[in-house]
Number of protein chains: 2
Amino acid sequence: MKTLQMTSIDRNILTGCRFFKRLPLSTAEAILHGAALAEHEKYDSLFRQGDRIDDVFLVLSGLVRLYRVGKDGREADVGVFAKGELFGEDTMFLGYRATANAEVAENSVIARVDSRKLRQLAASDPDVAQAFIEHLCHRGKMKEDLLAQDRLLTAPQRVANYLLSQCPNGSTSFCFRLPFQKSVLAGKLGLAPEALSRAFSALRESGVSVKGRMIEIHDRHALERF
Amino acid sequence: MKTLQMTSIDRNILTGCRFFKRLPLSTAEAILHGAALAEHEKYDSLFRQGDRIDDVFLVLSGLVRLYRVGKDGREADVGVFAKGELFGEDTMFLGYRATANAEVAENSVIARVDSRKLRQLAASDPDVAQAFIEHLCHRGKMKEDLLAQDRLLTAPQRVANYLLSQCPNGSTSFCFRLPFQKSVLAGKLGLAPEALSRAFSALRESGVSVKGRMIEIHDRHALERF
DNA sequence: CGCGTCTTTGATGCAAGTCAATCGCCGTGG
DNA sequence: CCACGGCGATTGACTTGCATCAAAGACGCG
């Protein structure tokens, strides 16, 4: 881990992300003022379930995985955060205790903001409070989606869903690069890596080609039917 | 469905529940003023996924099940709400569209509060905003728990967890009545009713007796080990 | 080119969903 | 009071989807 100075590029990433976009620029700047930047490498642990956390985390680059571990040591991802996303925000309203483990999933630059400061701001500035509320609702919906997906869909269906979610809307055939390792995607979808692999094979006959991280979808409608 | 007048008992239920307890009584009264009360019977549908919703719902008695349906018609519960709980609050920050279906799971009395009014209040009154934020964080944690539970635990483990969550803390042996039908519990835990039934049998040898809705746990530590 | 890591493939086992039949409980009506 | 009917719960037999373990293959990087 290495601390860094925040560049103007970093500022732009943050002020452009979903959470900050709702806020006046001056408010965003105020929140970011005093943020601590650090470089982390893959497999670094940011915190563990039950730890006391006094910061909110912002991903400037790279990837962070939030997961819980079962009694038998198995891990289940409850969230994966990429550039421009923020996590750990709910702990500041839950006694400042982490509800999951956070592990860096690829070399990353991560900013921390003092959560007490942010909380006070949320209490005094209605804009900030509003931004939090919307952010939390959005997060809640995603978790609901995830749960429903887990309970209703088979592995190939989940993968098809994910692919469709990456589809620029309107296009019937498209191509993109997975933003992370397949094993990470597997975790995100609640699958073992082997299951993801098999799901991709199953989707091949519905017009999905996979070469390394490059994915090609020939007909999105075939996926929707799946 | 039959509309009713709100009684002082109803008021007490609501002002005593988690969400309103954070607020000054006068604020709670202001929110509740103008709430519409109605009696619903089992299997009534309150709304469907995608419907436009202009209310927030409060359960005064009975039970409501929130669920999504898959393409094949199978249903997956994403929430079950009992007396004193509130739902539908996130739709007002998500374009007023329901993200799931709501069905009354047993004869219930349900209040509705105009969500626009509530939203305005959240924007102008920092107490209300704060209450929402905490409520949403709490909700988020529960969903995270649910997801992790789905991915990490077997059916008997989930049931054991649920039983422990009902245990008055400190007691090693206890007894209680299920607050709803077993099939509802099954849905809540993401299981088919048959699987719940089998899970109960499996737990019998760990000191769990089931007679109708009455549950008796002889040794909570045996469950914790499970 | 060679090594390590990630991914794929194959074989096997297990947990839970499904379908179907039975049982138990409770309320109704004779 | 008992017989009946209906609904929910249980049990059994079967099927399926996925995890797991193990081995081979592909890819990226030095």
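The figures that follow rest on heavy atoms only: side chains count, while hydrogens, waters and symmetry mates do not. The chains referred to below are lettered A, B, ... by the order of the sequence lines, with proteins before strands, and numbering in each begins at 1.
- Taking atom CG of residue Asp72(B) and atom C1' of nucleotide dG17(D), one finds them 14 Å apart after rounding to whole Å.
- When distances run from any side-chain atom of Glu194(B) to the nucleotides dA9(D), dC18(D), dT18(C), the shortest one goes to dT18(C).
- Nucleic acid contact for Phe180(B): none, since no nucleic acid atom lies under 4.0 Å from a heavy atom of the residue.
- In this structure, Ile215(A) places its CD1 atom 13 Å from C1' of dT7(C), rounding to the nearest Å.
- In this structure, the CG atom of Leu178(B) is 15 Å from the P atom of dG8(D), given to the nearest Å.
- A cation-pi geometry, defined here as NZ or CZ lying under 6.0 Å from the six-membered ring centre and within 45° of its normal, holds between Lys182(B) and Phe200(B).
- In terms of position along DNA chain D, the nucleotide closest to Ala192(A) lies nearer the 5' end than the nucleotide closest to the other residue of the pair Ala192(A) and Gly212(A).
- Interface remark: the Gln181(B) side chain does not form any donor-acceptor pair with the dC7(D) base, using a distance-only criterion of under 3.5 Å.
- Per the geometry, CD belonging to Glu75(A) stands 14 Å off P belonging to dA19(D), to the nearest Å.
- One N or O donor and one acceptor, one from the side chain of Arg198(B) and one from the base of dG12(D), sit under 3.5 Å apart.
- Using a distance-only test at 3.5 Å, with no hydrogens or angles considered, no donor-acceptor pair links the side chain of Ser197(B) to the main chain of Glu194(B).
- Between the CG atom of Leu189(A) and the P atom of dA19(D) there is a distance of 11 Å, rounded to whole Å.
- Between the P atom of dT20(D) and the CG atom of Leu152(B) lies a distance of 10 Å, rounded to the nearest Å.
- Distances shorter than 4.0 Å separate none of the side-chain N or O atoms of Ser201(A) from OP1 or OP2 on dT8(C).
- In this structure, Arg74(B) reaches the sugar-phosphate backbone alone: every heavy-atom distance under 4.0 Å involves primed, P, OP1 or OP2 atoms, never a base.
- Side chains of Glu144(A) and Thr99(B): a donor on one and an acceptor on the other come within 3.5 Å.
- Closest to the side chain of Ala195(A), out of dA19(D), dC18(D), dA16(C), is dA19(D).
- Rounded to whole Å, the distance from CG on Leu153(B) to C1' on dA16(C) is 14 Å.
- As a whole-Å value, the separation of Leu196(B) CG from dT10(D) P is 7 Å.
- Remark: Lys182(A) is not in phosphate contact with dA26(D), judged by side-chain N or O atoms under 4.0 Å from OP1 or OP2.
- Lys211(B) comes within 4.0 angstrom of nothing in the nucleic acid, heavy atoms only.
- At least one donor-acceptor pair closer than 3.5 Å links the side chain of Asn107(A) to the backbone N or O of Lys42(A).
- Remark: side-chain polar atoms of Asp72(B) are paired, donor with acceptor, to backbone N or O of Arg74(B) under 3.5 angstrom.
- Backbone-only engagement by Leu191(A) is indicated by non-hydrogen atom pairs under 4.0 Å involving sugar-phosphate atoms exclusively.
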